[in-house]
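Computed from a predicted structure; not experimentally measured. In listed order, ligands and their atoms are each counted from 1.
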Amino acid sequence: MRVLVTGGAGFIGSNFVLRVAATRPHWQITVLDALTYAGDRANLEPVAGHIDFVEGNVASAEVVDRLVAATDMVVHFAAESHNDNSLSDPWPFVESNIIGTYRLLESVRRHGKRLHHTSTDEVYGDLDLDDPQRFTEATALNPSSPYSASKGAADLLVRAWVRSFGVRATVSNCSNNYGPFQHVEKFIPRQITNVLWGIRPKLYGQGRNVRDWIHVDDHNDAVVAIVEQGRMGETYLIGADGERDNRQIVSMILQLMGKPDDWFELVGDRPGHDLRYAIDSSKLRAETDWRPRYDDMRAGLRTTIDWYAVNEPWWHDAKLASERAYARIGR
Ligand code: NAD
Ligand code: TDX
């Protein structure tokens with residue numbers, strides 16, 4: 001089977017490619033990635049001889065159409081992914097996330113190919129801290145940021161192309177991922193690399209916002225399960241019951257890295273900062289054999305910390321650039 005993976009040089013996409021290259025050796029993988037600041041071809045070095053790599057923009061109709069014509073299935077990860085960046089400059093989010101998904105949809109429609117679109121739980125907005133409800137596939141879309149609005153727009157395009165044109169597609173909405181190869185602009189790698197450089201972790205607001213954490217391998221195993229066992233046209237929420245507030249995460253990082261529990265700094269809050277995300281993944285678990293394997297977040301964080309500790313050359317320059325950008329917005 002020929003599989004086109006968009007965004008395969010980014011955090012989740014490169015973990016996906018490395019994983020399926022081992023577990024699905026019969027998949028012939030082509031990666032399409034624009035190599036933005038968030039993409040690094042070196043992530044794919046271990047499988048370089050086994051995959052094809054195309055540097056290109058998913059919003060370019062010509063590139064997308066040529067590659068879709070030559071594949072059986074598209075697994076779509078390519079996106080601008082950072083909320084803070086979407087507040088500074090929304091346009092790349094509109095172009096990559098909305099127009100990019102539109103280009104893919106038109107191509108898979110034209111060529112009769114299958115698409116899996118990866119999205120986020122952020123499209124559902126946020127929950128109160130004490131709300132007993134969690135997001136389900138029936139929750140109405142209610143995005144808060146330009147990033148989550150662009151992802152919600154893409155999800156709606158996929159649903160419309162399924163219903164109106166009979167496109168064979170599935171959608172997954174996953175909670176916050178952590179693991180190796182995550183860009184240092186994101187919360188967990190930012191705090192780990194801060195501690196490695198002797199800088200206190202920085203918590204937005206009071207640090208009480210809750211995210212539902214999942215290891216990137218559990219997310220990617222769920223994507224494979226949906227592709228192989230999911231029902232066409234359906235949306236599946238992916239989550240591993242990992243709700244924690246940001247202070248709890250920083251506390252675990254500080255403990256694992258041998259620092260006092262109060263060694264952090266409260267900084268200004270993110271405008272429009274979503275309070276809490278929480279996923280009910282019953283549908284995925286009922287319809288596929290997927291179960292999360294990383295049920296011990298402390299152990300998952302320990303291996304993630306070890307990865308950043310030994311891979312400083314991978315993140316050093318990105319860290320300098322990312323901290324310069326944070327300094328400009330006072331966070
Ligand atoms: P990332 O920013 O680490 O990687 C994105 C990749 O896409 C990069 O390699 C980048 O070069 C590429 N890209 C960006 N714009 C492109 C374009 N126009 N054309 C081609 N390639 C382009 O992001 P990530 O965290 O790996 O997220 C991957 C996907 O998963 C995204 O769709 C994101 O919305 C979704 N998602 C992420 C999380 C999370 O916690 N990180 C959770 C749920 C869903
Ligand atoms: O320095 C920080 N301090 C801090 O308190 C940073 C970078 C973040 N935060 C907070 C904001 C959030 O409450 O930590 C939480 C996580 O922040 P991010 O890593 O920026 O993730 P989030 O905004 O929750 O979005 C992530 O999960 C859903 C991904 O970046 C998205 O791509 C995905 O869709």
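By the 4.0 Å N-to-carboxylate-O rule, D131 lies too far from R276 to be salt-bridged with it. Classification of D33 and R41 as a salt-bridged pair fails, no side-chain N sitting under 4.0 Å from a carboxylate O. Note on K151 versus E122: no salt bridge recorded, every NZ/NE/NH1/NH2 to OD/OE distance being 4.0 Å or above. Ion pair R134/E243 not flagged as a salt bridge, since none of the NZ, NE, NH1 or NH2 atoms sits closer than 4.0 Å to an Asp/Glu carboxylate oxygen.
The other members of the hydrophobic cluster of L127, by chain and number, are V123, Y124, F135, L141, L156, L237, Y277, I279 (side-chain heavy atoms under 4.5 Å, ILVMFWY only). In the hydrophobic clustering, I329 connects to Y204, V267, Y326, either directly or through intervening members, whenever side-chain heavy atoms lie under 4.5 Å apart.
The immediate protein surroundings of ligand 1, defined as residues with any heavy atom under 4.0 Å of it, consist of G7, A9, G10, F11, I12, D33, A34, L35, T36, A38, G39, G56, N57, V58, F77, A78, A79, S81, S96, T118, S119, T120, Y147, K151, C174, S175, N176, N177. Among protein residues, S81, H82, N83, T120, E122, Y147, N176, E185, K186, F187, R190, Q191, K202, L203, Y204, N209, R211, N246, R270, H273, Y277, Y326 come within 4.0 Å of ligand 2, judged on heavy atoms.
In this structure, the ring of H316 has its center less than 6.0 angstrom from the ring center of W197.
Checked against D84 for a salt bridge (Lys or Arg N to Asp or Glu O under 4.0 Å), the options R270, R328, K202, K186 give a single hit: R270.
Side-chain contact between H117 and V74 is absent, with no heavy atoms from C-beta onward closer than 4.5 Å.
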